[in-house]
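Reading through the structure tokens given below for one structure.
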Amino acid sequence: MDNFRYSDYTVEQLREEVGKLKEKAQKAEQLGNISEVAINERKMQVAIAYMMNPDDFSPQEIYELKGDPGYKFKINYINGVFAWGHRVNLLNEVHEKEEALPISLLGDKVED
């Protein structure tokens, strides 16, 4: 199935893939292979993003960043299942560098 893109997967196939990636990440963690853990976790987040609806996220809005309570994320635009935008720290300082994150890493919308 490696020649398929996640966008071609059914929800069932995505769930199966997430399970496999979680297993790989756990095995890598047991072996102390931290970079392998990170790679599998990143793939897992992308697969999970394909099970979500990009329309649930809005440009110019700020969202919590899962797994990183020190930052929020302000969306510039959505492209597929990736949100492009900037990290915002606890002092509401916006990082200069634009980055793309899978929407699965975004939490609740931050209300003003």
Side-chain angles (χ1 to χ4, degrees):
M1 213 179 218
D2 286 341
N3 57 350
F4 279 88
R5 294 180 4 209
Y6 286 149
S7 56
D8 298 328
Y9 283 35
T10 65
V11 173
E12 291 77 23
Q13 288 170 319
L14 285 165
R15 284 198 185 112
E16 201 176 296
E17 180 71 4
V18 168
K20 286 179 193 170
L21 290 167
K22 190 178 260 184
E23 251 177 57
K24 281 183 181 178
Q26 286 168 342
K27 281 181 187 162
E29 195 169 20
Q30 288 165 357
L31 296 172
N33 190 341
I34 303 307
S35 62
E36 188 74 18
V37 172
I39 289 167
N40 285 301
E41 285 179 350
R42 179 73 176 184
K43 285 181 178 177
M44 214 163 49
Q45 288 304 329
V46 174
I48 291 167
Y50 276 98
M51 292 187 269
M52 298 173 70
N53 184 355
D55 294 337
D56 292 343
F57 301 91
S58 307
Q60 304 318 310
E61 296 291 349
I62 297 175
Y63 293 85
E64 291 172 358
L65 204 48
K66 292 180 185 171
D68 197 347
Y71 288 96
K72 298 173 284 214
F73 193 78
K74 182 176 183 186
I75 298 175
N76 295 338
Y77 64 95
I78 302 282
N79 186 353
V81 296
F82 285 88
W84 284 82
H86 300 269
R87 287 179 192 250
V88 179
N89 70 16
L90 295 174
L91 302 173
N92 285 325
E93 296 167 335
V94 178
H95 278 226
E96 273 184 47
K97 187 175 154 248
E98 184 180 57
E99 62 181 310
L101 296 177
I103 57 175
S104 54
L105 290 178
L106 301 178
D108 295 331
K109 187 161 71 167
V110 177
E111 300 302 328
D112 293 332

Are [X] and [Y] connected in the hydrophobic side-chain network, where two residues link if heavy atoms are under 4.5 Å apart?
{"X": "Ile78", "Y": "Leu105", "value": "yes"}
{"X": "Val46", "Y": "Phe57", "value": "yes"}
{"X": "Ile103", "Y": "Val88", "value": "no"}
{"X": "Ile62", "Y": "Leu90", "value": "no"}
{"X": "Leu21", "Y": "Met51", "value": "yes"}

Legend entry - Proximity of Tyr9 and Tyr50 rings by center, below 6.0 Å: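 No, the ring of Tyr9 stays outside the 6.0 Å limit from the ring of Tyr50, centre to centre.
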Closest heavy-atom contact between [X] and [Y]?
{"X": "Val37", "Y": "Ala25", "answer": "CG2-O, 3.5 Å"}
{"X": "Leu91", "Y": "Asn89", "answer": "N-OD1, 2.8 Å"}
{"X": "Arg42", "Y": "Ala100", "answer": "NH2-O, 3.7 Å"}
{"X": "Pro59", "Y": "Asn76", "answer": "CB-O, 3.4 Å"}
{"X": "Arg87", "Y": "Phe73", "answer": "N-CD1, 4.0 Å"}
{"X": "Leu106", "Y": "Ala83", "answer": "CD1-CB, 3.8 Å"}

Legend entry - Residue Lys27 excluded, over 12 heavy atoms near NZ under 6.0 Å: no
Nearest 0.5 Å please: distance from the [atom1] atom of [X] over to the [atom2] atom of [Y].
{"X": "Asn33", "Y": "Ile39", "atom1": "CG", "atom2": "CD1", "answer": "8.0 Å"}
{"X": "Ile48", "Y": "Arg15", "atom1": "CD1", "atom2": "CZ", "answer": "11.0 Å"}
{"X": "Lys109", "Y": "Glu64", "atom1": "NZ", "atom2": "CD", "answer": "12.5 Å"}
{"X": "Met44", "Y": "Lys24", "atom1": "CE", "atom2": "NZ", "answer": "12.0 Å"}
{"X": "Asp8", "Y": "Leu14", "atom1": "CG", "atom2": "CG", "answer": "10.0 Å"}
{"X": "Gln26", "Y": "Gln30", "atom1": "CD", "atom2": "CD", "answer": "7.0 Å"}

Inset, instruction - Verify the distance criterion only: is there a donor paired with an acceptor across the side chains of Lys72 and Asn92 at less than 3.5 Å? - result: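 Yes.
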Legend entry - Check: Lys74 and Gln60 side chains under 4.5 Å, non-hydrogen atoms: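 Yes; the side chains approach each other to less than 4.5 Å.
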Inset, instruction - Hey, can you tell me if Tyr77 and Trp84 have their rings parallel, tilted or perpendicular (30° and 60° cut-offs)? - result: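 Parallel: the ring planes of Tyr77 and Trp84 meet at under 30°.
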Legend entry - Donor-acceptor pair, side chain of His95 and main chain of His86, under 3.5 angstrom: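 Side chain of His95 to backbone of His86: no pair is present.
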Legend entry - Tyr63 side chain vs Ser58 backbone, donor-acceptor pair below 3.5 Å: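 Yes; at least one donor-acceptor contact below 3.5 Å.
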